[in-house]
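Lettering of chains follows the sequences in order, A, B, ..., and the numbering in each one begins at 1.
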Number of protein chains: 2
Amino acid sequence: MPEDRAPTRIQKKNRAAILDAALNVFSAHGFRGATVDQIAAEAGLSKPNLLYYFPSKEAIHTALLSGLLDTWLAPLHDLDAQGDPMEEILAYIQRKLEMSRDLPRESRLFANELVQGAPRIHDSLSNDLKALVDEKTAILSDWMDQGRIARLHPYHLIFSIWALTQHYADFDVQVRAILGDEDPYEGAEPFVDTLYRKLLTP
Amino acid sequence: MPEDRAPTRIQKKNRAAILDAALNVFSAHGFRGATVDQIAAEAGLSKPNLLYYFPSKEAIHTALLSGLLDTWLAPLHDLDAQGDPMEEILAYIQRKLEMSRDLPRESRLFANELVQGAPRIHDSLSNDLKALVDEKTAILSDWMDQGRIARLHPYHLIFSIWALTQHYADFDVQVRAILGDEDPYEGAEPFVDTLYRKLLTP
DNA sequence: TCTTGATTTGACCATCTGGTCAAACTCACG
DNA sequence: CGTGAGTTTGACCAGATGGTCAAATCAAGA
């Protein structure tokens, strides 16, 4: 496939269909558990046709992960040092919870990768992710120094937010097995709000 | 292999070696990502020899999961209605955190299974797990009714404990990518302790 | 319309993988 | 020892899977 020319109408459509199908399949079965045939079928293409757009299974996976990393980190990016600390953090948590609800496939894609040792995104973690987290924990530390929120280990505060919010997407089956018909997010939202309000109040 | 007779010395040794090797491999690569050859090699056996002890890859996985489920739920089982609420809950959290630290392979084994929709343990979730959680949330609700701990959604309280504690085992790579040399559990322990103390104080 | 590059496909291949089997070997016990 | 049950293995198989390729089909601009 010509890489240098501007993408044609068909290229755009098929590339998008492949990535969407791949997101379905990779997030549900992990990298190894996904098959190219399955992705191709879900995208409405034959396997050789799919491999006309991406050189390999690995390439699809990589394209997905790097394409979604920004989306995934956007909520933290928006945490604003100028805003009110409690409002900023609660809004961040709110956004993360919404992402869990609205983009569960993305959450599980990353979860699959991380739980297996992140063989394909190890670098992004130690570089991009670490840099962003360092930047934002510095803000949290400032707020703590100023006595505007309770003093806590800022890294673990971030971890707790990730753990709590992504749990609902990543372990959805377990949550639903226990809650039955109840909508997980209806209870989760006030719960995490209360939790962090209590935790962060100095 | 003779199933009915009492297991010989060799059977005990090899079955144990296989299950240990399988725990390594399944927890690191998921069911589909694990190969029988890999498990056999790690157990120090040839593939046909391994299949002399377990009829199939699936059987090893099932044996592992059901054998470990009790271990995994033991900390919650120990939550005692007669004890002091705050102490009981904090002790439960402590036990869960220790399990994350000491049995990360087991945590990741379950995480792998859950994130992919728990195709092989769906029943255990809706039966055993749900029953246990229902029993223990009833205790939590009583404590809340008596005003001994803050009123919260009891299911989400449990979820939050699972999420927070298992996060350190399941997403170990991510945690370490951010913390660098710092021991995750050194910071995690006081953090979760503070968190739940603040959250549960009425 | 015609041409050329873009797109699609059927047939094919090499490798991996779960699993089988008969034959060989080893161990415990009378 | 000897013997029968328990254990191990090399050779093998069928199906799945990632990937290739030449040929056929299609789309759009000149």
Side-chain angles (χ1 to χ4, degrees), chain A residues 1-65 112-113 116 119-120, chain B residues 1-65 112-113 116 119-120:
Chain A
M1 192 199 33
E3 297 277 357
D4 20 2
R5 282 183 216 18
T8 67
R9 173 184 58 88
I10 295 176
Q11 275 170 35
K12 270 192 232 172
K13 191 194 67 180
N14 282 347
R15 280 191 152 260
I18 290 168
L19 288 175
D20 187 70
L23 180 54
N24 277 334
V25 178
F26 282 133
S27 68
H29 305 289
F31 180 77
R32 192 89 194 318
T35 72
V36 177
D37 275 306
Q38 215 179 338
I39 297 170
E42 196 136 336
L45 300 173
S46 65
K47 183 169 62 168
N49 197 9
L50 179 149
L51 289 167
Y52 170 71
Y53 291 99
F54 288 88
S56 68
K57 180 183 175 182
E58 180 102 34
I60 305 172
H61 194 252
T62 302
L64 251 192
L65 280 174
N112 259 303
E113 189 65 12
Q116 290 178 17
R120 281 168 282 270
Chain B
M1 193 201 30
E3 297 277 0
D4 18 6
R5 281 184 217 15
T8 68
R9 174 183 59 90
I10 296 175
Q11 273 170 37
K12 268 192 233 170
K13 191 194 68 179
N14 282 347
R15 280 190 152 260
I18 291 168
L19 288 175
D20 186 70
L23 180 53
N24 277 335
V25 179
F26 282 134
S27 69
H29 305 290
F31 180 78
R32 194 89 193 319
T35 72
V36 177
D37 275 306
Q38 215 179 337
I39 298 171
E42 195 135 339
L45 301 172
S46 66
K47 183 169 62 167
N49 198 8
L50 180 147
L51 289 167
Y52 170 71
Y53 290 98
F54 288 89
S56 68
K57 179 183 175 183
E58 179 101 34
I60 305 174
H61 194 251
T62 303
L64 251 192
L65 280 173
N112 259 303
E113 188 66 12
Q116 290 178 18
R120 281 167 284 269

Item to check | Contact summary for I18(B) and I39(B), nearest pair of heavy atoms | outcome: O-CG2, 4.1 Å
Checklist entry - How would you list, by chain and number, every residue that makes a side chain to side chain contact (heavy atoms under 4.5 Å, CB included) with A41(A), sequence neighbours excluded? => result none
Checklist entry - Can you say whether the rings of F26(B) and F31(B) are parallel (under 30°), tilted (30 to 60°) or perpendicular (over 60°)? => result parallel
Next on the checklist: Under the rule for side-chain hydrogen bond (donor to acceptor under 3.5 Å, both in side chains), what residues qualify as partners of E58(B), not counting sequence neighbours?
Outcome noted: none
Checklist entry - Going 5' to 3' along DNA chain C, which nucleotides are the first and last within contact of chain B (any atom under 4.0 Å from a heavy atom)? => result dT17(C) to dA28(C)
Item to check | Interface residues of residues 7-35 of chain B with DNA chain D (non-hydrogen, below 4.0 angstrom) | outcome: T8(B), I10(B), Q11(B), N14(B), R32(B)
Checklist entry - Between the side chain of K57(B) and the main-chain N/O of A34(B), is any donor-acceptor distance below 3.5 Å? => result yes
Next on the checklist: As an exercise, state the distance from CG of L45(B) to CG of L51(B), rounded to the nearest 0.5 Å.
Outcome noted: 10.5 Å
Checklist outcome for this item: Contacts of P7(A) meeting side chain to side chain contact (heavy atoms under 4.5 Å, CB included) (sequence neighbours excluded), chain-then-number -> Q11(A), K12(A)
Checklist entry - In residues 42-59 of chain A, what residues come within less than 4.0 Å of DNA chain C, judged by heavy atoms? => result S46(A), P48(A), N49(A), Y52(A), Y53(A)
Checklist entry - Under the salt bridge (Lys or Arg N to Asp or Glu O under 4.0 Å) rule, what pairs show up with a residue in residues 30-46 of chain B, not counting sequence neighbours? => result D37(B)-K47(B)
Item to check | Degree of bending in the helix from dT1(C)-dA30(D) to dG30(C)-dC1(D) once both end axes are built from five pairs, to 10° | outcome: 10°
Item to check | Qualifying residues under side-chain hydrogen bond (donor to acceptor under 3.5 Å, both in side chains), relative to Q38(B), sequence neighbours excluded | outcome: H29(B)
Checklist entry - Which residues pass the side-chain hydrogen bond (donor to acceptor under 3.5 Å, both in side chains) test with Q116(A), sequence neighbours left out? => result N112(B)
Next on the checklist: Applying ring pair (Phe, Tyr, Trp, His ring centres under 6.0 Å) as the test, list every pair that has at least one member in residues 36-59 of chain B; sequence neighbours left out.
Outcome noted: none
Checklist entry - Can you name the residues that form a side-chain hydrogen bond (donor to acceptor under 3.5 Å, both in side chains) with D20(A), not counting sequence neighbours? => result R105(A)
